[in-house]
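Please read the structure below before turning to the comments.
Just so it is clear: chains get the letters A, B, ... in the order the sequence lines come, proteins before strands, and each one is counted from 1.
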2 protein chains.
Amino acid sequence: MDIMSKLVAASEALFDRHGFTATGMDKLTKSAGISSRTLYKHAGSKNALIASVLGERDKRFARRLEVDSIDALFKALEDWARVEGGRGCLFLRAYGETGGDSPEIVEAVLAHKARVADKIAELVIVETRQSDNADLVEQIIVLFEGATAAAIYRGEQSVVAARMAAATLLERHRL
Amino acid sequence: MDIMSKLVAASEALFDRHGFTATGMDKLTKSAGISSRTLYKHAGSKNALIASVLGERDKRFARRLEVDSIDALFKALEDWARVEGGRGCLFLRAYGETGGDSPEIVEAVLAHKARVADKIAELVIVETRQSDNADLVEQIIVLFEGATAAAIYRGEQSVVAARMAAATLLERHRL
DNA sequence: GATGGTGTAAAATGATCGTTTTACATTGAG
DNA sequence: CTCAATGTAAAACGATCATTTTACACCATC
């Protein structure tokens with residue numbers, strides 16, 4: 001595994017468990033088994049490293065979302081939450097911690113959110129056979145986001161509830 | 001206004017805009033117009049101050065949620081988001097930043113979440129005239145949480161969507 | 001008019017922050 | 001063989017972290 005991959009993987013775990021600001025560079029270098037000089041040569045800066053972590057996570061997340069129904073989407077989210085999640089959306093957490101002050105982080109967050117929203121819009125078109133249904137898309141987005149956030153303190157049942165709610169909402173548009 | 005109220009109010013604003021860890025004690029003292037000695041005499045520690053901020057915010061939020069229908073609940077959330085919100089749930093942000101390591105913060109977060117969940121459960125009973133409907137309650141919780149989180153990047157429309165979705169879900173239980 | 005409580009200002013605490021630099025070892029390609 | 005690249009270890013950078021301490025002012029009450 002090359003250095004950047006190792007660094008990003010190790011950093012993601014630390015950021016996820018302890019927060020971005022609370023995780024110092026020494027923890028990151030130690031965890032990746034590299035010197036700080038090498039870290040800066042590859043990652044550029046701490047904010048750039050955070051952006052890289054978010055970028056990789058987005059790619060990995062997107063791979064899980066390669067499904068063709070809303071139901072499968074929420075089942076994918078359930079799998080994700082079981083394996084990786086439970087601590088909320090790492091993108092929104094990064095955004096919140098940095099106050100939106102770092103452009104590279106903001107960009108990574110918005111790109112991820114746009115990707116998920118696009119996927120949901122695509123699936124809603126497939127399921128309803130309508131060219132667009134903005135209200136329904138927005139509702140599914142809220143359920144998706146809510147399942148992720150509520151899972152922090154209510155566990156997997158949040159994702160199950162979101163999946164059931166989405167099914168109910170879709171039902172009305174399939175008459 | 002007494003010292004603690006002034007301190008907590010000023011701190012809440014700073015924490016909300018810039019994050020908890022990123023906000024140093026000097027910013028807090030300067031913003032409240034008090035010395036660090038006074039801050040520690042009243043607040044105890046930074047984590048205790050964060051817990052106090054969350055406690056006050058919970059009380060203020062609870063006052064807004066004194067409604068008697070699910071629809072009014074989401075309208076109250078809409079008002080809140082317009083006036084105070086837009087940056088996500090400050091409780092979950094605190095939890096995420098501290099990694100759940102501070103017991104006083106964890107307690108404040110869980111107390112808040114329990115209060116909101118109880119309110120939702122109460123309203124669902126009123127609206128459905130059933131003694132309990134755990135699935136529906138869970139779905140409303142997810143919508144409530146999702147509206148708050150999605151509003152960060154999608155604006156008020158998330159809350160409107162959540163309110164509409166909740167109405168649809170409730171409808172099926174009123175037949 | 002001394003006392004105790006409550007405040008400020010400012011310095012000191014030792015640790016840790018993100019980042020850069022210095023000095024040195026290894027390695028693959030010309 | 002040499003050059004350039006790429007890595008490490010370790011120190012230094014100045015800034016900032018949360019917290020405590022020292023020294024002093026105000027003010028109400030006994």
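One interatomic measurement links the two molecules: NZ of Lys30(B) to P of dA9(C), which rounds to 11 Å at whole-angstrom precision. Nucleotide dT26(C) holds its C1' atom 17 Å from the CD1 atom of Ile34(A), rounded to whole Å. Residue Lys41(A) contributes atom NZ, which lies 9 Å from atom C1' of dG7(D) at whole-angstrom precision. As rounded to whole Å, 14 Å separates atom P of dA15(D) from atom CG of Asp26(B). Counting to the nearest Å, the C1' atom of dG5(C) and the NE2 atom of His42(B) are 11 Å from each other. dT16(C) atom P lies 15 Å from atom CG of Leu28(A), rounded to whole Å. Put simply, NZ on Lys6(A) is 11 Å from C1' on dG7(D), counting in whole angstrom units. Atom CG of Leu14(A) is separated from atom P of dC17(C) by 12 Å (rounded to the nearest Å).
Counting any heavy atom pair closer than 4.0 Å across all strands shown, Thr29(B) reaches no nucleic acid atom. Among the heavy atoms of the strands lying under 4.0 Å from Gly33(A) are primed sugar atoms or P, OP1, OP2 only; no base atom is included.
Between the base of dT6(C) and the side chain of Arg37(B) there is no donor-acceptor pair shorter than 3.5 Å. Below the 3.5 angstrom threshold, one finds a donor paired with an acceptor across the side chain of Ser36(B) and the base of dT20(D).
In this structure, of dG7(C), dT19(D), dG18(C), it is dT19(D) that holds the atom nearest to the side chain of Lys46(B).
A salt bridge links Lys59(A) to Glu56(A): at least one charged side-chain nitrogen sits closer than 4.0 Å to a carboxylate oxygen. A salt bridge links Glu84(B) with Arg60(B): the distance from a Lys NZ or Arg NE/NH1/NH2 to an Asp or Glu carboxylate oxygen falls below 4.0 Å.
Note that CD of Glu97(A) and OG1 of Thr21(A) are 4.0 Å apart. Values are rounded to the nearest 0.5 Å.
Annotation for Asp79(B): atom CG counts as buried by contact number, over 12 foreign heavy atoms lying within 6.0 Å.
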